[in-house]
A.B. asks: 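This is the structure I want to talk about, given as structure tokens.
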Amino acid sequence: MKTAKSCLNQNYIRYVELTAPKTKEKRMLFRAFWVGGVICMIGQSFRFLLEYVFLLQGDELSAYVSMIMIFLGALLTGLGVYDRIGKYAGGGSIVPITGFANSVVSPAMEFKTEGYIYGLAAKMFLIAGPIIVFGVAGSVGVGLIYYVIYRIF
């Protein structure tokens with residue numbers, strides 16, 4: 001026996017199916033994949049350049065590549081280009097390190113009219129702040145687990 005609630009739920013589900021815009025998942029997945037891949041290829045190109053031309057190695061090499069990619073992400077966000085890339089590629093532009101730079105610069109630009117302290121400085125880490133906090137907390141947790149495992153075994 002159907003209840004009134006289940007009939008309402010089925011009617012609502014049919015209504016949503018008829019009125020909701022159709023998603024183009026395959027197209028968006030393809031765009032995210034190739035744009036994210038291109039961003040990673042650019043980072044790898046900088047890595048090769050710094051490694052073979054400037055003879056950098058190890059942690060120094062990784063730090064310079066990260067700084068260059070963060071700078072490019074922030075610059076493209078400031079110029080308004082990264083937002084268009086994000087609309088086109090979706091998650092493919094958010095996952096690389098340039099997406100982190102975008103998440104720091106975008107709120108700062110949006111709230112800069114409120115002043116340097118209450119606008120720019122206060123809102124800069126609105127999105128990226130929780131990522132940094134949980135990233136640091138997670139790495140400390142993993143470090144403690146490794147420390148305990150290696151001390152016991």
A.B. asks: Any link between Leu61 and Val53 through a network of hydrophobic side chains (Ile, Leu, Val, Met, Phe, Trp, Tyr) touching at under 4.5 Å?
C.D. replies: yes

A.B. asks: Would you find a donor on one side and an acceptor on the other, under 3.5 Å apart, between the side chain of Tyr82 and the backbone of Ser93?
C.D. replies: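 Yes; at least one donor-acceptor contact below 3.5 Å.
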
A.B. asks: Is Ile97 close to Ile70 at the side-chain level, that is, under 4.5 Å between some pair of heavy atoms?
C.D. replies: yes

A.B. asks: Do Val104 and Val133 belong together in a cluster built from hydrophobic side chains that touch within less than 4.5 Å?
C.D. replies: no

A.B. asks: Are any side-chain N or O atoms of Ser139 and backbone N or O atoms of Val136, one a donor and one an acceptor, separated by less than 3.5 Å?
C.D. replies: yes

A.B. asks: Where do Thr77 and Gly73 come nearest, in terms of heavy atoms and distance?
C.D. replies: OG1-O, 2.8 Å

A.B. asks: What distance separates Ile42 CD1 from Met69 CE, expressed to the nearest 0.5 Å?
C.D. replies: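 With rounding to 0.5 Å, CD1 (Ile42) is 6.0 Å from CE (Met69).
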
A.B. asks: Indicate if Ile152 and Ile149 have the same hydrophobic cluster label, given that clusters are the connected sets of ILVMFWY residues with side-chain heavy-atom separations under 4.5 angstrom.
C.D. replies: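 Hydrophobic grouping puts Ile152 with Ile149.
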
A.B. asks: Who passes side chain to side chain contact (heavy atoms under 4.5 Å, CB included) against Tyr88, sequence neighbours left out?
C.D. replies: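 Side chain to side chain contact (heavy atoms under 4.5 Å, CB included) check on Tyr88 returns Arg31, Trp34, Val35.
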
A.B. asks: Between Ile94, Asp83, Leu76, which is the residue that forms a side-chain contact (heavy atoms from CB on, under 4.5 Å) with Asn102?
C.D. replies: Asp83

A.B. asks: Do the non-hydrogen side-chain atoms of Arg84 and Val81 ever get within less than 4.5 Å of each other?
C.D. replies: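 Yes, at least one pair of side-chain atoms sits under 4.5 Å.
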
A.B. asks: What I'd like to find out is whether the side chain of Arg47 reaches to under 4.5 Å of the side chain of Gln44, using heavy atoms alone.
C.D. replies: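 Arg47 reaches Gln44 side chain to side chain.
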
